[in-house]
Amino acid sequence: EGNRFVQLAFTSHLIVRIGVCVVAIVSAASRLPRANAQPAAAQASDSLKTPAAFQRFPPVPPADVQSSFVLQDGFQMQLIAAEPLVTDPVAMAIDEDGRAYVVEMNDYPYTDAKTHRVWEENTTDAPTGRVRMLEDTDGDGNYDRSTVFADQLSWPSGVLCYKGGVFVTATPDIWYFKDTDGDRRSDVRNKVFTGFRKYNVQAVMNNPIWGLDNHIYVAGSSNGGSVLEIGQVQRAPIAARGDFRIDPRTHGFELQAGGARFGNTFDDWGNRFLCNIRNPAIHVVLDNRYLARNPYYAAPTAAINIAESGDQMPVYRISPVEPWRELRGRQWSADPTKKVPRSELTGGGVFTSTSGITVYRGHAYPQEYAGQMFVGEVANNTIYRQKVATDGNTFRATRADEKVEFVASTDTWFRPVNLINAPDGSLYVLDMYREVIEHPWSIPDDIHARLDLTSGRDRGRIYRLAPPNFVASEPPALGRAT
């Protein structure tokens, strides 16, 4: 009994002593200056401040650009045209004689930052866009002659060959240009349609392509408009929003399902596909003319995602992330009132700018590439490849390259906005080559004020995405064939 009493007394004494020490330590700590609290808060605040100037990455000269690319399966990016032969290429069509008509969107995203109006129509921007004719005169597979075919165009975004000339989509108009005297400059300049809304430069109609029905299908995006055929005052304006098709002979105009951003492509069987920002593959299952047969049926959307999509889709870029992008992500993440997709809360590495979807339909690539889809991811300086398989009455598109992109560049200026199937059986890649590709409305004002969104307006590249051991063929001369 006595021993237990001594033990209890000793334990109680020890607990009291420990308690006194803890109180003393806490009391002393409370009197110490909070040395780390303020710097941590200040550091967090400093990370959100916009600097006087951002670190910038220089452009890579055309002669050195080959080393900036990493490709899969032994493919190569072969430079076939560069500045000063071409600038700001966004669309391209090749005629029966192998001459390329290249759309130069020099007025992207505006012509004068001081007069640009946010979230309003910008009808006063100067029409500085062009269509340039490129020719390979010596048959070596590279373009060596450049001529301005048509100029003074507003927001040009697509071109298609027709009867010796070209149709050009250039908001607010659709034009037809033709050279009749052989000087490589258009002397026929007919405005066919007008009235498309000049609102968002990233939501313009684009990429006219031929359908199997001999109609021209155009990705209408979302700007819409009140469209009139020139010279047909008796016809009521068409309230256009989304995709449409045109009969080039009668100028018939019909609305179509769709309405995604920049890109428009057919496969060999007439299935049409689009892409849209964070959606790398969209299948247009039905045309509007079929749905219109029953005006009382509330049909679901006829354009459906066939690939994994969303604001956390990884992109395996190899280029450094621009500091201004990282700051934008931090600022928006710290602002509880800012409602933006999660892809905009990081500097890079996720899908945010899919562009120029193209189904490969050529003869130069290995057989397994037939029908695969290629999509530019312009903000991340990559080209994404998708395998396509049937899935009921639609398709399923999946990543073809595991944890890498089919084309990736260390050059932050590489902007693969579009691709086309070329006569030599390869794909041509149109590189707008801009320091900044973002829309000004997608950049906070304080950051926007420190960026030059026109930097690179005097540059542009076109590449052949060539398979291993590819030998370029001479351009066709079908116009002189019998």
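In this text, all values refer to a predicted model and were calculated from it rather than measured experimentally. Throughout, numbering of the chain's residues begins at 1 and tracks the sequence. Side-chain atoms are counted along with the backbone in the values below, which use heavy atoms only and exclude waters and symmetry mates.
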Worksheet item: Lys114 and Asp112: salt bridge (charged side-chain N to carboxylate O under 4.0 Å, His left out), yes or no, with the steps?
Response: CA-CA 5 Å; Lys114 296 178 181 178; Asp112 188 345; over 6 Å; no
Discussion item. Before you tell me yes or no, could you show the steps for Thr265 and Thr358 under side-chain hydrogen bond (donor to acceptor under 3.5 Å, both in side chains), namely the whole-Å CA-CA distance, both residues' side-chain angles and the distance that decides it to 0.1 Å?
Written reply: CA-CA 5 Å; Thr265 188; Thr358 300; 5.0 Å; no
Discussion item. side-chain hydrogen bond (donor to acceptor under 3.5 Å, both in side chains) for Ser455 and Glu435? Distances and angles first, verdict last.
Written reply: CA-CA 6 Å; Ser455 178; Glu435 183 176 9; 2.8 Å; yes
Worksheet entry | Trace of the side-chain hydrogen bond (donor to acceptor under 3.5 Å, both in side chains) decision for Ser426 with Asp424 | CA-CA 6 Å; Ser426 72; Asp424 62 16; 2.7 Å; yes
Item to complete: Before giving the answer on side-chain contact (heavy atoms from CB on, under 4.5 Å), spell out for Thr194 and Ile230 the whole-Å C-alpha distance, their side-chain angles and the decisive distance to 0.1 Å.
Response: CA-CA 7 Å; Thr194 192; Ile230 300 299; 3.6 Å; yes
Fill in: Worked verdict on Asp267 versus Phe273 for side-chain contact (heavy atoms from CB on, under 4.5 Å)
CA-CA 8 Å; Asp267 68 8; Phe273 303 93; 3.9 Å; yes
Practice prompt. Dump the intermediate steps for salt bridge (charged side-chain N to carboxylate O under 4.0 Å, His left out) on Asp125 and Lys198, then the final yes or no.
Written response: CA-CA 10 Å; Asp125 274 6; Lys198 194 173 181 181; 5.1 Å; no
Practice prompt. For side-chain contact (heavy atoms from CB on, under 4.5 Å), just list the numbers for Asn122 and Tyr199, CA-CA rounded to whole Å, side-chain angles, deciding distance to a tenth of an Å, and then say yes or no.
Written response: CA-CA 6 Å; Asn122 283 273; Tyr199 176 65; over 6 Å; no
Practice prompt. Tell me, with the steps shown, if Met432 and Val378 meet side-chain contact (heavy atoms from CB on, under 4.5 Å).
Written response: CA-CA 9 Å; Met432 199 173 184; Val378 296; over 6 Å; no
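A distance of 9.0 Å separates CZ in Arg197 from OG in Ser222, rounded to the nearest 0.5 Å. We find the OG1-CG distance between Thr454 and Asp107 to be 12.0 Å, quoted to the nearest 0.5 Å. Taken to the nearest 0.5 Å, the NZ atom of Lys403 stands 10.5 Å off from the CZ atom of Arg399. To the nearest 0.5 angstrom, Asn381 atom CG is 9.0 Å from Ile318 atom CD1. Here the CD1-CG distance, from Ile94 to Leu134, works out to 9.5 Å after rounding to the nearest 0.5 Å. Between atom CG of residue Leu79 and atom CZ of residue Arg464 there is a gap of 10.0 Å, rounded to the nearest 0.5 Å.
A tilted orientation is assigned to the rings of Tyr110 and His448, their planes being inclined by 30° to 60°. Using cut-offs of 30° and 60° on the angle between ring planes, the pair Tyr463 and Phe69 is perpendicular.
Using a 4.0 Å cut-off between a side-chain N of Lys or Arg and a carboxylate O of Asp or Glu, Arg99 and Asp179 do not qualify as a salt bridge. A salt bridge links Arg434 and Asp88; the closest N-O separation between the charged side-chain nitrogens and carboxylate oxygens is under 4.0 Å. Under 4.0 Å is where a charged nitrogen must lie from a carboxylate oxygen, and between Arg278 and Asp311 no such pair does.
In this structure, Asp136 contributes its side chain and Gly141 its backbone to a donor-acceptor pair below 3.5 Å. Judged by distance alone, the side chain of Asn276 and the main-chain N or O of Arg261 form a donor-acceptor pair under 3.5 Å. Listed for the Ser154 side chain is a donor-acceptor partner under 3.5 Å among the backbone atoms of Thr171. For the pair Asp243 (side chain) and Gly220 (backbone), a donor-acceptor distance under 3.5 Å is present. Arg317 contributes a side-chain N or O that, together with a main-chain N or O of Ser319, makes up a donor-acceptor pair within less than 3.5 Å. Of the possible polar contacts, one joining the Tyr365 side chain to the Leu427 backbone as a donor-acceptor pair under 3.5 Å is found. At distances below 3.5 Å, at least one donor-acceptor pair connects side-chain atoms of Thr301 with backbone N or O atoms of Ala303. With hydrogens and angles ignored, the 3.5 Å screen pairs no side-chain donor or acceptor of Thr137 with any backbone N or O of Glu135. Glu377 contributes a side-chain N or O that, together with a main-chain N or O of Thr352, makes up a donor-acceptor pair within less than 3.5 Å. Put simply, the side chain of Asn393 never gets that close to the backbone of Asp391: no donor and acceptor are under 3.5 Å apart.
Side-chain contact between Glu308 and Phe351: absent, with no pair of heavy atoms (C-beta onward) separated by less than 4.5 Å. Side chains of Ile246 and Phe167 form no contact here, defined as non-hydrogen atoms less than 4.5 Å apart. Within the 4.5 Å cutoff, side-chain heavy atoms of Met205 are placed close to those of Ile174. Contact annotation: the side chain of His116 never approaches that of Val201 to less than 4.5 Å [non-hydrogen atoms, C-beta and beyond]. Between Tyr108 and Val90, the closest side-chain pair of non-hydrogen atoms is not below 4.5 Å. Within the 4.5 Å cutoff, the side chain of Tyr162 has heavy atoms near those of the Arg249 side chain. No side-chain heavy atom of Phe374 sits under 4.5 Å from any side-chain heavy atom of Val407. Side-chain contact between Asp73 and Arg385 is present, with at least one heavy-atom pair separated by less than 4.5 Å.
For the residue pair His283 and Arg272, the shortest heavy atom distance occurs at CD2-O, 3.5 Å. The heavy-atom pair separating Asn207 from Gly263 by the smallest distance is ND2-N, 3.6 Å. Taking each heavy atom of Cys275 and Gly356 in turn, the nearest pair found is SG-N, 3.8 Å. Val218 and Pro208 get closest at one heavy-atom pair: CG2-CB, 3.9 Å.
Cation-pi check for Arg461 over Tyr433 is met; the charged atom lies under 6.0 angstrom from the ring centroid and within 45 degrees of its normal.
Arg130 and Thr87 are linked by a side-chain donor-acceptor pair at a separation below 3.5 angstrom, with hydrogens and angles left out of the test. Side-chain atoms of Asp213 and Tyr217 form a donor-acceptor pair, as typed in the model, at a separation below 3.5 Å. Side chain to side chain, Gln202 and His439 fail the donor-acceptor criterion of an N or O pair below 3.5 Å.
Across Trp155, Phe244, Trp175, a single residue satisfies ring pair (Phe, Tyr, Trp, His ring centres under 6.0 Å) together with Phe196, and that is Phe244. Paired with Phe177 under the rule side-chain contact (heavy atoms from CB on, under 4.5 Å), one option of Asn190, Val188, Val168, Asp187 passes, and it is Val168.
Two rings, from Phe75 and Tyr369, have their centers less than 6.0 Å apart.
Shown here is Gln72, whose CD atom has more than 12 heavy atoms of other residues, nucleotides or ligands within 6.0 Å.
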